[in-house]
Amino acid sequence: MQKIRGIVALLGRPNVGKSTIVNCLTQTNVALIDDRPGVTRDRIYGRVEAELPEQPGFVLVDTGGFEEGKGEHQPFSDNLVWRQTMAALEESDLVVVILDARDGLHPLDEHLVNLLRKMNKNFIVLVNKTDGTDKAVVMGDFFALGVDSLLSASAAHRHGIVELRETIFQKLDADVALNSSNSTDPDAINVAIIGRPNVGKSSILNRLIGGERSVVSSIPGTTRDPVDVQITYDNQSYVIVDTAGIRRRGKVDDKLDVISMMRSIRALERADVIVLVIDASEGLTDQDARLASMASASFKPILIAVNKWDLVAEKTSKTADQFAEDIRDDLRTVAFAPIMFVSCLENQRVHKILAQVQLLWQRSRHKVETSRLNKTLEQIVRDHTPALIRNHSKRVKFFYATQVKVGPPTFLVFCNVANEIQESYKRYMTNRFRSDLGFDAVPLQLVFRGKSEGRGTQHQ
Ligand code: GDP
């Protein structure tokens with residue numbers, strides 16, 4: 001469930017049924033969609049998982065920017081919203097254009113399809129709201145677009161959603177670009193520097209490169225061109241992945257949340273360790289929380305770097321601790337991650353980032369001997385017995401555990417009945433594994449398996 005196959009951008013005029021389609025695809029009812037025009041709204045909808053849990057899903061993103069009739073948001077003309085839309089289209093692996101069957105073929109639709117063709121984009125056209133229409137006649141109208149992937153749906157009735165999902169998966173698989181972007185040095189630690197615009201990612205990158213001789217490798221042939229920077233520090237080689245988005249300066253699209261989000265998602269896919277940068281002068285925002293939860297879903301070690309520490313006035317010996325506590329409260333999904341306070345401006349502690357990255361990486365590769373693991377498991381259960389199972393007078397019994405993987409360290413824990421273990425007990429056990437087995441500050445995966453159960457239940 002951790003990996004993604006790609007980023008899918010949705011594009012459609014207001015009212016074509018985008019939110020219904022998103023809700024069907026993500027299988028949630030959270031209407032994350034706010035149809036107000038503008039650049040600040042949240043455009044990341046979330047992940048759509050594949051049928052099989054071990055296969056990668058995709059991330060859905062709204063490109064917005066298709067608000068007809070309002071001067072400052074005119075599509076196809078030179079305004080901020082449309083520039084953002086174009087950048088988001090560029091950044092995506094696949095575009096789903098949503099049209100409205102009841103409107104028939106709109107002149108803007110043709111214009112849009114031509115634009116996507118010119119951009120050489122992988123795209124699907126979905127005609128929604130076909131219920132109550134003579135589908136053959138209506139679709140005949142849209143065939144004039146001459147596109148290969150023309151689908152129809154009635155999202156309000158959940159018709160056509162399975163086909164849409166399948167076509168998206170097929171189209172993403174056909175896109176080789178995503179899979180070709182792996183870094184070159186097998187011994188290097190791949191690091192993603194992610195964060196909102198303006199938090200100082202590029203300043204950190206520049207500080208890290210510093211006087212080092214850096215090799216910049218670009219992988220040509222894709223529109224996105226990931227650029228990796230290789231650094232050697234203390235005899236360890238690091239590849240800072242997908243720095244294109246960090247380094248490209250001065251263009252309006254670099255500073256927009258949706259683009260930085262898409263680039264962050266892509267970078268964290270390719271990384272071994274993630275550095276999440278937060279701006280000390282601005283405090284935490286929803287966008288930070290969203291990035292943190294995207295990062296934690298990857299089960300990769302995360303280092304939180306609080307930058308611009310110089311801007312925090314009147315610091316006392318307690319300021320950093322207080323700040324760290326606030327971060328752990330607000331970004332619960334990454335509460336296990338270590339936090340560093342740095343200043344690029346004053347060059348304080350920035351160079352320590354890589355040493356910390358190395359430490360986290362090494363820990364995430366650590367393998368525990370089975371005998372030690374089982375002694376620890378016994379002790380953990382002895383220290384805190386699980387509660388009684390509801391309606392029975394017995395308790396969950398843990399038999400033994402075994403580590404099946406590193407990076408992320410993954411443990412199978414065998415017990416009598418896995419689905420009776422309380423969430424709080426799973427958290428307790430995960431935390432004890434972390435502290436007692438040398439996995440401080442790295443994400444762990446515990447899979448609980450009952451006697452007669454196949455897959456077991458999972459806990460991070
Ligand atoms: P990015 O968009 O995340 O790559 O952010 P940049 O690296 O471009 O930084 C955004 C702005 O913050 C620039 O004006 C930097 O000079 C400034 N900046 C970066 N790091 C620091 C810092 O530690 N302290 C202060 N005061 N400003 C910083």
Side-chain angles (χ1 to χ4, degrees), residues 4-14 16-26 32-35 37-48 56-67 73 75-76 80-99 108-109 111-128 147 149-151 153 155 161 164-165 167-175 177-178 222-226 242 244-245 252-254 256-267 269 287 290 294:
I4 57 157
R5 224 177 286 200
I7 300 180
V8 178
L10 296 184
L11 187 58
R13 285 179 281 119
V16 290
K18 239 184 325 180
S19 32
T20 321
I21 291 168
V22 170
N23 287 343
C24 290
L25 282 174
T26 54
L32 291 166
I33 297 160
D34 171 358
D35 262 337
V39 288
T40 51
R41 82 182 216 209
D42 184 7
R43 299 181 189 281
I44 305 289
Y45 291 145
R47 302 165 64 102
V48 179
F58 59 86
V59 172
L60 268 185
V61 173
D62 178 22
T63 53
F66 214 82
E67 325 281 351
H73 301 302
F76 307 107
L80 189 63
V81 179
W82 186 246
R83 284 204 297 277
Q84 177 195 25
T85 302
M86 292 295 288
L89 291 179
E90 272 296 343
E91 200 66 34
S92 63
D93 300 297
L94 173 70
V95 181
V96 178
V97 181
I98 303 166
L99 306 179
L108 284 182
D109 300 344
H111 204 56
L112 185 63
V113 165
N114 285 336
L115 175 79
L116 291 170
R117 282 200 182 109
K118 233 185 273 159
M119 288 171 76
N120 228 349
K121 248 6 264 189
N122 197 5
F123 70 95
I124 297 171
V125 176
L126 176 76
V127 181
N128 191 29
V147 298
S149 297
L150 184 67
L151 300 176
I161 299 298
L164 171 63
R165 227 180 100 98
T167 312
I168 292 176
F169 275 121
Q170 277 165 16
K171 284 270 183 183
L172 285 176
D173 281 344
D175 182 14
L178 187 74
T222 73
T223 46
R224 294 179 302 276
D225 277 349
D242 248 338
V252 63
D253 64 44
D254 288 354
L256 294 166
D257 281 353
V258 68
I259 310 298
S260 78
M261 194 76 184
M262 290 165 86
R263 286 178 182 156
S264 293
I265 292 169
R266 216 178 277 295
E269 273 302 300
Q287 186 91 359
R290 194 138 317 119
M294 286 275 180

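Since the model is a prediction, treat every value here as computed from it, not as a measurement.
- Between L172 atom CG and T167 atom OG1 the span is 10.5 Å, to the nearest 0.5 Å.
- N122 CG to N120 CG: the interatomic distance, rounded to the nearest 0.5 Å, is 9.5 Å.
- A155 is linked by a side-chain contact (heavy atoms from CB on, under 4.5 Å) to T20, I21, N128, I161, counting only residues two or more places apart in sequence or in another chain.
- Within the 4.5 Å cutoff, the side chain of L115 has heavy atoms near those of the M86 side chain.
- Residues V61 and M262 share a closest heavy-atom pair of CG1-SD, 4.0 Å.
- Shown here for L116 and V97, the closest heavy-atom pair between the two residues is CD1-CG2, 3.4 Å.
- At a threshold of 4.5 Å between non-hydrogen side-chain atoms, the residues K171 and S149 count as touching.
- When all heavy atoms are compared, the tightest approach of L25 to V48 is O-CG1, 3.5 Å.
- By the 4.5 Å heavy-atom criterion applied to side chains, D93 and R266 are counted as neighbours.
- Within the 4.5 Å cutoff, side-chain heavy atoms of S92 are placed close to those of K121.
- Atom CZ in R13 sits 9.5 Å away from atom CG in L112 (nearest 0.5 Å).
- Distance CG/L11 to CG/L99: 9.0 Å, rounded to 0.5 Å.
- Here F123 pairs with nothing under the ring-ring contact (aromatic ring centres under 6.0 Å, His included) rule; sequence neighbours left out.
- Taking CG of L126 as the start and CG of L150 as the end, the distance is 8.5 Å to the nearest 0.5 Å.
- Atoms CD1 and CD1, on I98 and I124 in that order, are 10.5 Å from each other to the nearest 0.5 Å.
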